[in-house]
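Accompanying notes for the structure given below.
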Amino acid sequence: MKKIAVICTAVCAGLSINVSAFAQGCIADHKGTSMDGIDIGTVEVGSLVKQYFDYFKAAGDQYGVDPNLLAAVCMQESSGRNLSYREDGSSYPAWGIMQIEYTMNESFGKFGYDTTGVYWTPEDRLDPQKSINYAAHLISGYLIKYDCDYLKMLTAYNYGSTVLDRIVAAKGDDWLSERVNSVNYVTNWPYSTYGDAQYVEHVLRYYHNYMDYAGAKIRVNGTLVSFEDQYPIIKDERTLIPVRGLLERLGAQVDWDENTRSAVITKDNKEVTLPIGKKTAYIDGNSMELEVEAQLINGRTMVPLRFITDAFGIEIDWEQDTRTVNIEY
(Lines give C-alpha, C1' and ligand atoms only; values in the text may rest on other atoms or scores of the structure.)
Protein backbone atom coordinates (compact mmCIF):
# COMPACT_ATOMS: atom_id res chain seq x y z
CA MET A 1 0.00 0.00 0.00
CA LYS A 2 1.34 3.44 -0.88
CA LYS A 3 2.13 5.91 1.83
CA ILE A 4 -0.86 8.07 2.69
CA ALA A 5 -0.48 11.65 3.85
CA VAL A 6 -2.95 12.70 6.50
CA ILE A 7 -4.14 16.21 5.70
CA CYS A 8 -6.77 17.59 8.04
CA THR A 9 -9.83 19.29 6.65
CA ALA A 10 -12.16 21.76 8.27
CA VAL A 11 -14.97 20.56 10.48
CA CYS A 12 -18.20 20.13 8.56
CA ALA A 13 -19.85 23.56 8.46
CA GLY A 14 -17.83 24.49 11.54
CA LEU A 15 -20.57 23.10 13.76
CA SER A 16 -20.54 20.77 16.73
CA ILE A 17 -23.53 18.60 17.51
CA ASN A 18 -24.50 17.92 21.10
CA VAL A 19 -25.25 14.37 22.12
CA SER A 20 -28.80 15.41 22.87
CA ALA A 21 -29.16 15.73 19.10
CA PHE A 22 -27.35 12.40 18.76
CA ALA A 23 -29.95 10.73 20.94
CA GLN A 24 -32.70 12.29 18.82
CA GLY A 25 -31.42 10.84 15.59
CA CYS A 26 -28.17 12.53 14.58
CA ILE A 27 -27.14 8.96 13.79
CA ALA A 28 -30.08 7.78 11.78
CA ASP A 29 -31.12 4.55 13.46
CA HIS A 30 -29.89 5.17 17.01
CA LYS A 31 -32.42 4.10 19.59
CA GLY A 32 -31.02 3.73 23.07
CA THR A 33 -28.91 5.33 25.77
CA SER A 34 -28.68 9.11 25.81
CA MET A 35 -25.68 10.96 27.20
CA ASP A 36 -25.35 14.71 27.57
CA GLY A 37 -22.15 16.70 27.68
CA ILE A 38 -20.29 15.19 24.72
CA ASP A 39 -19.88 17.02 21.45
CA ILE A 40 -19.85 15.32 18.06
CA GLY A 41 -17.60 16.51 15.28
CA THR A 42 -15.42 18.86 17.34
CA VAL A 43 -12.15 17.54 15.91
CA GLU A 44 -10.95 17.88 12.34
CA VAL A 45 -11.36 14.84 10.14
CA GLY A 46 -8.39 13.55 8.15
CA SER A 47 -8.56 13.39 4.38
CA LEU A 48 -7.65 9.74 4.80
CA VAL A 49 -11.27 9.05 5.69
CA LYS A 50 -12.43 10.74 2.50
CA GLN A 51 -10.06 8.63 0.42
CA TYR A 52 -11.90 5.54 1.66
CA PHE A 53 -15.46 6.86 1.40
CA ASP A 54 -16.35 4.15 -1.12
CA TYR A 55 -15.31 1.43 1.35
CA PHE A 56 -17.23 2.99 4.24
CA LYS A 57 -20.31 3.57 2.12
CA ALA A 58 -20.37 0.05 0.67
CA ALA A 59 -19.68 -1.71 3.98
CA GLY A 60 -22.09 0.48 5.95
CA ASP A 61 -24.96 -0.07 3.54
CA GLN A 62 -24.24 -3.79 3.36
CA TYR A 63 -24.18 -4.37 7.11
CA GLY A 64 -26.81 -1.86 8.19
CA VAL A 65 -24.39 0.61 9.81
CA ASP A 66 -24.36 4.37 9.27
CA PRO A 67 -21.22 4.74 7.09
CA ASN A 68 -20.38 8.02 8.85
CA LEU A 69 -20.31 6.23 12.19
CA LEU A 70 -18.28 3.39 10.65
CA ALA A 71 -15.76 5.95 9.37
CA ALA A 72 -15.64 7.57 12.82
CA VAL A 73 -14.87 4.22 14.46
CA CYS A 74 -12.12 3.45 11.98
CA MET A 75 -10.73 6.99 12.20
CA GLN A 76 -10.48 6.61 15.98
CA GLU A 77 -8.80 3.23 15.55
CA SER A 78 -6.18 4.78 13.27
CA SER A 79 -5.88 8.27 14.72
CA GLY A 80 -2.21 8.06 15.54
CA ARG A 81 -2.20 5.62 18.42
CA ASN A 82 -2.56 2.55 16.23
CA LEU A 83 0.17 2.54 13.57
CA SER A 84 1.47 -0.17 11.32
CA TYR A 85 4.81 -0.19 9.54
CA ARG A 86 5.98 -0.91 6.01
CA GLU A 87 9.13 -2.77 5.10
CA ASP A 88 11.03 0.52 4.80
CA GLY A 89 10.11 1.41 8.39
CA SER A 90 7.61 4.16 7.53
CA SER A 91 4.35 4.13 9.46
CA TYR A 92 0.73 4.49 8.44
CA PRO A 93 -2.61 4.24 10.23
CA ALA A 94 -3.70 0.67 10.86
CA TRP A 95 -7.26 0.63 9.63
CA GLY A 96 -7.37 -2.96 10.77
CA ILE A 97 -8.66 -3.25 14.31
CA MET A 98 -5.52 -3.75 16.33
CA GLN A 99 -6.99 -6.40 18.63
CA ILE A 100 -7.38 -8.66 15.59
CA GLU A 101 -3.72 -9.44 16.20
CA TYR A 102 -4.36 -10.61 19.74
CA THR A 103 -7.89 -11.84 20.33
CA MET A 104 -9.81 -11.80 17.04
CA ASN A 105 -7.47 -13.47 14.58
CA GLU A 106 -9.62 -16.60 14.32
CA SER A 107 -12.92 -14.78 13.80
CA PHE A 108 -11.25 -12.33 11.38
CA GLY A 109 -9.84 -15.26 9.41
CA LYS A 110 -13.18 -17.03 9.30
CA PHE A 111 -14.95 -13.83 8.23
CA GLY A 112 -12.51 -13.59 5.32
CA TYR A 113 -13.19 -17.19 4.36
CA ASP A 114 -16.98 -16.79 4.63
CA THR A 115 -17.01 -13.64 2.51
CA THR A 116 -14.20 -14.20 0.01
CA GLY A 117 -13.33 -17.88 0.14
CA VAL A 118 -9.85 -17.07 1.47
CA TYR A 119 -8.88 -17.39 5.13
CA TRP A 120 -7.52 -13.98 6.17
CA THR A 121 -4.37 -13.67 8.26
CA PRO A 122 -3.72 -11.01 10.93
CA GLU A 123 -1.60 -9.14 8.38
CA ASP A 124 -4.69 -8.74 6.22
CA ARG A 125 -6.04 -6.29 8.79
CA LEU A 126 -3.71 -3.75 7.14
CA ASP A 127 -5.85 -3.87 4.00
CA PRO A 128 -8.38 -1.03 4.52
CA GLN A 129 -11.16 -2.71 2.58
CA LYS A 130 -10.87 -5.96 4.54
CA SER A 131 -10.61 -4.33 7.95
CA ILE A 132 -13.42 -1.85 7.25
CA ASN A 133 -15.71 -4.69 6.13
CA TYR A 134 -14.85 -6.65 9.27
CA ALA A 135 -15.48 -3.59 11.46
CA ALA A 136 -18.91 -3.15 9.82
CA HIS A 137 -19.64 -6.83 10.46
CA LEU A 138 -18.73 -6.52 14.16
CA ILE A 139 -20.68 -3.30 14.62
CA SER A 140 -23.72 -4.84 12.95
CA GLY A 141 -23.73 -7.71 15.44
CA TYR A 142 -23.40 -5.35 18.40
CA LEU A 143 -26.24 -3.17 17.10
CA ILE A 144 -28.52 -6.20 17.02
CA LYS A 145 -27.37 -7.37 20.45
CA TYR A 146 -27.89 -3.92 22.01
CA ASP A 147 -31.05 -3.04 20.07
CA CYS A 148 -29.57 -0.12 18.11
CA ASP A 149 -28.10 1.53 21.20
CA TYR A 150 -25.06 3.08 19.56
CA LEU A 151 -23.43 4.08 22.85
CA LYS A 152 -23.51 0.49 24.07
CA MET A 153 -22.37 -0.71 20.65
CA LEU A 154 -19.30 1.54 20.77
CA THR A 155 -18.48 0.47 24.30
CA ALA A 156 -18.85 -3.21 23.44
CA TYR A 157 -16.67 -2.67 20.38
CA ASN A 158 -13.98 -1.24 22.66
CA TYR A 159 -14.27 -3.47 25.76
CA GLY A 160 -16.04 -6.51 24.39
CA SER A 161 -19.64 -7.39 25.13
CA THR A 162 -18.81 -9.61 28.11
CA VAL A 163 -17.28 -6.71 30.04
CA LEU A 164 -20.04 -4.31 29.02
CA ASP A 165 -22.72 -6.78 30.07
CA ARG A 166 -21.11 -7.11 33.49
CA ILE A 167 -21.01 -3.33 33.90
CA VAL A 168 -24.66 -2.98 32.85
CA ALA A 169 -25.70 -5.80 35.20
CA ALA A 170 -23.96 -4.06 38.09
CA LYS A 171 -24.88 -0.43 37.39
CA GLY A 172 -28.06 -0.56 35.30
CA ASP A 173 -28.91 2.74 33.66
CA ASP A 174 -25.83 4.30 35.22
CA TRP A 175 -23.48 1.98 33.32
CA LEU A 176 -21.74 4.83 31.45
CA SER A 177 -20.36 6.32 34.63
CA GLU A 178 -18.68 3.03 35.48
CA ARG A 179 -16.57 2.76 32.34
CA VAL A 180 -13.52 4.24 34.08
CA ASN A 181 -13.60 1.22 36.40
CA SER A 182 -13.95 -1.31 33.62
CA VAL A 183 -10.90 -3.25 34.80
CA ASN A 184 -12.97 -4.34 37.80
CA TYR A 185 -15.22 -6.30 35.45
CA VAL A 186 -12.48 -8.20 33.63
CA THR A 187 -11.26 -11.62 34.66
CA ASN A 188 -7.75 -12.92 33.98
CA TRP A 189 -6.50 -9.43 33.07
CA PRO A 190 -3.03 -8.77 34.52
CA TYR A 191 -2.98 -4.99 34.06
CA SER A 192 -4.43 -2.09 36.03
CA THR A 193 -6.39 -0.59 33.13
CA TYR A 194 -8.66 -2.04 30.49
CA GLY A 195 -9.86 -0.42 27.29
CA ASP A 196 -10.33 3.30 26.95
CA ALA A 197 -12.94 4.88 29.20
CA GLN A 198 -13.31 7.79 26.77
CA TYR A 199 -13.64 5.63 23.66
CA VAL A 200 -17.24 6.68 23.00
CA GLU A 201 -16.29 10.34 23.21
CA HIS A 202 -13.29 9.82 20.91
CA VAL A 203 -15.41 8.13 18.27
CA LEU A 204 -18.22 10.67 18.39
CA ARG A 205 -15.79 13.53 17.91
CA TYR A 206 -14.87 12.03 14.56
CA TYR A 207 -18.49 11.67 13.48
CA HIS A 208 -19.62 13.81 10.53
CA ASN A 209 -22.58 13.54 8.18
CA TYR A 210 -20.55 13.33 5.00
CA MET A 211 -22.12 10.24 3.44
CA ASP A 212 -25.72 9.39 2.70
CA TYR A 213 -26.92 6.31 4.57
CA ALA A 214 -28.96 3.90 2.48
CA GLY A 215 -29.58 1.34 5.22
CA ALA A 216 -32.74 0.48 7.11
CA LYS A 217 -33.70 -1.83 9.96
CA ILE A 218 -36.66 -4.17 10.37
CA ARG A 219 -38.41 -5.15 13.59
CA VAL A 220 -40.80 -8.06 13.77
CA ASN A 221 -43.01 -7.92 16.86
CA GLY A 222 -40.59 -5.38 18.33
CA THR A 223 -37.44 -7.47 17.82
CA LEU A 224 -34.69 -6.36 15.45
CA VAL A 225 -34.13 -8.76 12.58
CA SER A 226 -30.53 -9.85 12.02
CA PHE A 227 -29.46 -10.39 8.42
CA GLU A 228 -26.45 -12.49 7.53
CA ASP A 229 -24.50 -10.39 5.05
CA GLN A 230 -26.83 -7.87 3.44
CA TYR A 231 -29.20 -5.60 5.31
CA PRO A 232 -32.23 -3.80 3.86
CA ILE A 233 -31.44 -0.67 1.87
CA ILE A 234 -33.46 2.25 0.60
CA LYS A 235 -33.16 2.74 -3.14
CA ASP A 236 -35.22 5.09 -5.27
CA GLU A 237 -37.22 5.85 -2.11
CA ARG A 238 -38.23 2.21 -1.76
CA THR A 239 -37.03 -0.29 0.84
CA LEU A 240 -35.44 -3.43 -0.60
CA ILE A 241 -35.12 -6.47 1.65
CA PRO A 242 -33.14 -9.73 1.43
CA VAL A 243 -35.92 -12.05 0.39
CA ARG A 244 -35.02 -15.04 2.56
CA GLY A 245 -33.81 -13.08 5.56
CA LEU A 246 -37.26 -11.70 6.33
CA LEU A 247 -39.93 -13.68 4.50
CA GLU A 248 -38.98 -17.10 5.82
CA ARG A 249 -39.26 -15.58 9.30
CA LEU A 250 -42.81 -14.58 8.37
CA GLY A 251 -43.73 -18.11 7.38
CA ALA A 252 -43.20 -17.86 3.63
CA GLN A 253 -41.40 -20.39 1.44
CA VAL A 254 -38.78 -18.85 -0.82
CA ASP A 255 -37.47 -20.61 -3.92
CA TRP A 256 -35.22 -19.64 -6.82
CA ASP A 257 -36.15 -20.36 -10.44
CA GLU A 258 -32.85 -20.45 -12.31
CA ASN A 259 -34.52 -20.67 -15.73
CA THR A 260 -36.34 -17.35 -15.31
CA ARG A 261 -33.90 -15.90 -12.74
CA SER A 262 -36.79 -15.21 -10.44
CA ALA A 263 -37.52 -15.34 -6.73
CA VAL A 264 -40.66 -17.35 -6.07
CA ILE A 265 -42.39 -16.69 -2.74
CA THR A 266 -45.27 -18.84 -1.50
CA LYS A 267 -47.42 -18.09 1.54
CA ASP A 268 -51.05 -18.81 2.45
CA ASN A 269 -51.67 -20.52 -0.91
CA LYS A 270 -50.55 -17.41 -2.79
CA GLU A 271 -47.51 -17.33 -5.09
CA VAL A 272 -45.52 -14.20 -5.92
CA THR A 273 -42.82 -14.29 -8.61
CA LEU A 274 -40.26 -11.50 -8.99
CA PRO A 275 -37.86 -11.74 -11.95
CA ILE A 276 -34.49 -10.11 -11.27
CA GLY A 277 -34.06 -6.79 -13.05
CA LYS A 278 -37.66 -6.60 -14.27
CA LYS A 279 -40.33 -4.12 -13.24
CA THR A 280 -43.04 -6.71 -13.76
CA ALA A 281 -43.92 -9.19 -11.02
CA TYR A 282 -46.59 -11.87 -10.90
CA ILE A 283 -49.18 -12.69 -8.24
CA ASP A 284 -50.71 -16.10 -8.93
CA GLY A 285 -49.76 -15.61 -12.58
CA ASN A 286 -51.27 -12.13 -12.91
CA SER A 287 -48.76 -9.42 -13.89
CA MET A 288 -48.18 -6.39 -11.66
CA GLU A 289 -45.98 -3.38 -12.32
CA LEU A 290 -43.27 -2.48 -9.80
CA GLU A 291 -41.81 0.92 -8.99
CA VAL A 292 -38.43 -0.68 -8.29
CA GLU A 293 -37.32 -4.07 -9.57
CA ALA A 294 -35.95 -7.02 -7.65
CA GLN A 295 -32.15 -7.14 -7.88
CA LEU A 296 -29.03 -8.95 -6.73
CA ILE A 297 -26.88 -7.05 -4.24
CA ASN A 298 -23.80 -8.69 -2.72
CA GLY A 299 -25.10 -12.03 -3.89
CA ARG A 300 -28.46 -11.64 -2.15
CA THR A 301 -31.84 -11.35 -3.85
CA MET A 302 -33.36 -8.03 -2.80
CA VAL A 303 -37.06 -7.43 -3.32
CA PRO A 304 -39.32 -4.40 -2.73
CA LEU A 305 -40.73 -4.69 0.78
CA ARG A 306 -43.97 -2.77 0.27
CA PHE A 307 -45.00 -4.84 -2.75
CA ILE A 308 -44.34 -8.11 -0.94
CA THR A 309 -46.11 -7.17 2.27
CA ASP A 310 -49.10 -5.79 0.37
CA ALA A 311 -49.28 -8.97 -1.71
CA PHE A 312 -49.52 -11.13 1.41
CA GLY A 313 -51.64 -8.74 3.46
CA ILE A 314 -48.90 -7.96 5.99
CA GLU A 315 -49.20 -4.55 7.62
CA ILE A 316 -46.06 -2.49 8.12
CA ASP A 317 -45.24 0.83 9.74
CA TRP A 318 -42.29 3.08 8.84
CA GLU A 319 -40.46 4.90 11.66
CA GLN A 320 -38.58 7.75 10.01
CA ASP A 321 -36.38 8.85 12.93
CA THR A 322 -34.80 5.43 13.30
CA ARG A 323 -35.23 4.30 9.67
CA THR A 324 -37.06 1.23 10.88
CA VAL A 325 -39.83 -0.87 9.34
CA ASN A 326 -42.07 -2.26 12.09
CA ILE A 327 -44.04 -5.43 11.39
CA GLU A 328 -46.53 -6.93 13.80
CA TYR A 329 -47.09 -10.55 12.85
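These numbers were taken from a predicted model, which means no experiment stands behind them. When a residue number appears, it is its place in the shown sequence, counting from 1.
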Taking atom types as modelled, find out whether [X] and [Y] have a side-chain donor-acceptor pair closer than 3.5 angstrom.
X: Ser161; Y: Tyr142; answer: no
X: Asp229; Y: Tyr63; answer: no
X: His202; Y: Asp196; answer: yes
X: Asn184; Y: Tyr194; answer: no
X: Thr309; Y: Glu315; answer: no

Minimum heavy-atom separation for [X] and [Y], please, with both atom names.
X: Val225; Y: Ile144; value: O-CD1, 3.5 Å
X: Ala294; Y: Pro275; value: CB-O, 4.0 Å
X: Arg244; Y: Val254; value: NH1-O, 2.8 Å

With sequence neighbours left out, the residues meeting salt bridge (Lys or Arg N to Asp or Glu O under 4.0 Å) with Asp61 are Lys57
Parallel under 30°, tilted from 30 to 60°, perpendicular over 60°: which one fits the rings of Phe53 and Tyr210?
tilted
Candidate list Thr33, Asp165, Thr155, test side-chain hydrogen bond (donor to acceptor under 3.5 Å, both in side chains), partner Tyr146, passing option:
Asp165
Derivation of the side chain to side chain contact (heavy atoms under 4.5 Å, CB included) call for Asp257 and Arg261
CA-CA 6 Å; Asp257 186 334; Arg261 290 182 55 77; over 6 Å; no
Take Met302 and Gln230 through the side chain to side chain contact (heavy atoms under 4.5 Å, CB included) test and state the conclusion after the steps.
CA-CA 9 Å; Met302 305 288 285; Gln230 177 60 59; 3.7 Å; yes
Donor-acceptor pair, Lys217 side chain versus Gly64 backbone, under 3.5 Å?
yes
